[in-house]
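This report refers to the structure that appears directly beneath it.
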Amino acid sequence: FSAEKYNVKRKNFSNVQAADVSYFQSILGNDRVLTDRDEVLPFNIDWIRNCRGQSQVVLKPKTTQEVSEILAYCNKKRLAVCPQGGNTGLVGGSVPVYDEIVINLMLMDKIITLDEISGALVCEAGCVLENLDNYVRGHNLIMPLDLGAKGSCQIGGNVSTNAGGLRLLRYGNLHGSVLGLEAVKADGTVIDCLRSLKKDNTGYHLKHLFIGSEGTLGIVTKVAIHCPVLPKAATLGFFGIKNFENILELYKSAKSSLGEILSAFEMADNLAITQTVKNLNLPNPISDYPFYALVETHGSNEVHDGEKLSNFLNKEMESGLIMDGTVTSDPAKMQTIWNLRESIAASSLVGGYVFKYDVSIPQKHYYDIVPMLKQRLGDKASAVFGYGHIGDGNIHINISVPQYTKEVVSLIEPFIFEEVSKLKGSISAEHGIGFRKPQFIHYSKEPSALGLMRDLKQLMDPNGILNPYKVLPETN
Ligand code: FAD
Ligand code: S2G
Ligand code: ZN
C-alpha cells in the first residue's frame, strides 16, 4: 500500500460505517455502490502500478445532483473522498492513499450540446476523450487535445490535470480551450460557470481554479470546451536525427518553414523507440537512429501543405538535419506512427518497476538530464530514456529498474528536481503533482504562491476531504 511505501500517516477522517453505505445506496441504488473487495481493487491501483490505496467503497454517480448529495454528506461526516476519472493519471493523484471513498465519474458521460458555428461542445465530465473526438469529428471538428490515454481518460480528468498532450503546440492548453465548467464543492454547493462564450470578462475567472486542481478544490461535473475545425489536410513525418542539437535545429526550421500548419513536434531518443518496438512488438517504419522526430501538419489545402512540407523535407535532407524518414498523409500510416509514439509510456510497464518524470526545461537544455541520470544510475537502471513534447519544452524521462528500492529512489530524488530547478524548469510540466510530488512542489512554486494555494484550499474545502495527501505538501 502507498501509505506504507511512502510512509504517510492517515489523517483523522471518519471510517466508513454500514450506515454510510446504506445512505449512498439510498441515493445511487445498490449497483452503483461498489463494496466487494475484488470489485473495488482496480479503482485502488494507478495506471503505472506505483500506488495502491485501501478504499472499500466506490461510488458511481450519474448526475450533478447525486455528486452534490454525496459530497454534502461526506463533508458533514468528515469522510475523505478521491475523485476519479479514467484513472490514467501518472502521479498517484487518482487513487486513494488510505480508505478515501472513490467517486468515479464514468457514468456521467452524456454529450449535452454542440454549437457547430462556434465549435463549443458542452458535455459531462465522465465523457472519454476518444469518444468525444469521434463525436465531434462527425461534425467537422476535433478535440483541442490528444494524448496516448485518450481511450480511457475522461474530459473531467483532463481538465483536472490540465492535460497537455501531443497538440498543445498548435491548439494551446486547457486554460485557453475550456470555455466554462460546472463543479461541486466539498460542501455540495454546485458552482455553475458553464458558459460557452469565447469572451466573458465579468468578475473573477473561477473556472481556472478547477483546471489543474487535481480533484482537491471540487469535482468537475460538466465541461464547455472549444473544438477546432477538423483539418482538411493532415500529414505526419517521422524522421531519423543524428543528435539532439539537430532536433532543436529541425524544430526551429519546422516552425519557420511550416509556420501556421505545424500541429505537433515530438522527439524520442533511440532507446525510447527501440524499447517500445521490442516490448510491445510494434513496427518502426524507419531504421535505427540516435534520435527521432515526429512532425505533424494540420492545414486546409493538400496542395499548399504538400508543397510546404516537401520544400521543408528537401531542404533538411540536404542540410543533413534529417538523416532519413518517411512522410505520409495516409490516415492508417499516420496512426501506426502515432501509435508507436503514444505507446512509449506503456513500454516501460513490461517487467520491473518504472519511475516516470515529466519536466519542462528550456529547450536548449531539454535533453541534458538524460545522460546525467544514466551516469548517476549506472547499472542500477535497466533503461533510462527521454521523449516528449519539444514544442512545450516538456521531456518525459522513464527510468526502469528491476524493482522499487529506497536506494534507487534516493539516487533520483531530489537530484532530478534540483537539476530541473537549476535549469529554471518545472518539476511537473503536464501530469500534475498528485500524491508523488507534493514534497517537491517548492522547487517550482514560491512560498507566497503556496500560501495562497493553502488559503484557497482552506476556503474551498475546510475539512480537507477532497483528495487528501495530494498536491499540497503537509504542513508539519
Ligand atoms: P484520473 O487519472 O482519473 O485523475 C487524474 C486527477 O484528476 C486525479 O487527481 C483525480 O482526483 C482528478 N480527477 C479526475 N476526474 C475528476 C473530476 N471530474 N473532477 C475533479 N477531479 C478529477 N497527460 C498529459 O498531460 N499529456 C500526455 O501526453 C499524456 N499522455 C499519457 C499517455 C498514457 C499512455 C497515459 C497512461 C497517461 C498519459 N497522460 C498524459 C496522463 C493522464 O492521461 C492525464 O493526466 C489525464 O488527463 C488523466 O485523465 P483521467 O480521466 O484518467 O483522470
Ligand atoms: C506522453 C505519457 C506518460 C509518460 O507520452 O506524452 O505524457 O510519461 C506522456 O510515460
Ligand atoms: Zn506527455
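The chain is numbered in sequence order, starting from 1. Ligands are counted one by one from 1 in listed order, and the atoms in each one are counted from 1 as well.
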Is it the case that over 12 heavy atoms from other parts of the model lie below 6.0 angstrom from the [atom1] atom of [X]?
{"X": "Lys424", "atom1": "NZ", "answer": "no"}
{"X": "Lys374", "atom1": "NZ", "answer": "yes"}
{"X": "Lys445", "atom1": "NZ", "answer": "no"}

Test of proximity, [X] against ligand 1: N or O pairs below 3.5 Å:
{"X": "Asn162", "result": "no"}
{"X": "Pro83", "result": "yes"}
{"X": "Gly85", "result": "yes"}
{"X": "Leu147", "result": "no"}
{"X": "Glu430", "result": "yes"}
{"X": "Glu342", "result": "no"}
{"X": "Ala163", "result": "no"}
{"X": "His396", "result": "no"}
{"X": "Trp47", "result": "no"}

Starting from [atom], find the nearest protein heavy-atom neighbour and note its residue, name and distance.
{"atom": "atom 8 (C) of ligand 1", "answer": "Gly93 O, 3.4 Å"}
{"atom": "atom 4 (O) of ligand 1", "answer": "Ser94 CB, 3.4 Å"}
{"atom": "atom 3 (C) of ligand 2", "answer": "Leu90 CD1, 3.2 Å"}
{"atom": "atom 19 (N) of ligand 1", "answer": "Val220 N, 2.9 Å"}
{"atom": "atom 50 (P) of ligand 1", "answer": "Gly86 N, 3.4 Å"}

Quiz item: Can you check ring pair (Phe, Tyr, Trp, His ring centres under 6.0 Å) on Tyr292 and Phe239, steps first, answer last?
Solution: CA-CA 5 Å; Tyr292 296 86; Phe239 306 129; over 10 Å; no

So is [X] in contact with ligand 1, going by heavy-atom distances below 4.0 Å?
{"X": "Met108", "answer": "no"}
{"X": "Gly434", "answer": "no"}
{"X": "Gly165", "answer": "yes"}
{"X": "His431", "answer": "yes"}

Considering [options] one by one, which has a heavy atom nearer to [atom] than any of the others?
{"atom": "atom 31 (C) of ligand 1", "options": "Gly212, Ala345, Gly157, Ala149", "answer": "Ala149"}
{"atom": "atom 43 (O) of ligand 1", "options": "Leu466, Thr88, Leu349, Val95", "answer": "Thr88"}
{"atom": "atom 5 (C) of ligand 1", "options": "Leu217, Thr161, Ile219, Val67", "answer": "Thr161"}
{"atom": "atom 17 (C) of ligand 1", "options": "Ser343, Gly432, Gly215, Ser160", "answer": "Ser160"}

For ligand 2, which atoms have a heavy atom of [X] less than 4.0 angstrom away?
{"X": "His389", "answer": "6 (O)"}
{"X": "Ala345", "answer": "2 (C), 3 (C), 4 (C), 10 (O)"}
{"X": "Arg341", "answer": "1 (C), 5 (O), 6 (O)"}

So is [X] in contact with ligand 2, going by heavy-atom distances below 4.0 Å?
{"X": "Glu266", "result": "no"}
{"X": "Glu342", "result": "no"}
{"X": "Ile344", "result": "no"}
{"X": "Tyr387", "result": "yes"}

Quiz item: Glu430: which N/O/S atom is nearest the Zn ion (ligand 3)?
Solution: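 That would be atom OE2.
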
Quiz item: Mind checking whether the Zn ion (ligand 3) has an N, O or S of His431 under 2.8 Å?
Solution: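 It does not: His431 brings no N, O or S atom closer than 2.8 Å to the Zn ion (ligand 3).
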
Exercise. Taking the side chain as every heavy atom from C-beta outward, state whether Gln56 and Val40 have any atom pair closer than 4.5 Å.
Key: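 No. Closest side-chain heavy atoms not under 4.5 Å.
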
Exercise. Using a 4.5 Å cut-off on heavy atoms from C-beta on, say whether the side chain of Leu41 contacts that of Arg52.
Key: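 Counting from C-beta outward, Arg52 and Leu41 do come under 4.5 Å.
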
Self-check item: Worked check of ring pair (Phe, Tyr, Trp, His ring centres under 6.0 Å) between Phe265 and Tyr251
Solution: CA-CA 7 Å; Phe265 193 109; Tyr251 171 58; 5.2 Å; yes

Quiz item: CD1 of Ile441 to CD1 of Ile433: how many Å apart, nearest 0.5 Å?
Solution: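 Atom-to-atom, Ile441:CD1 and Ile433:CD1 are 4.0 Å apart.
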
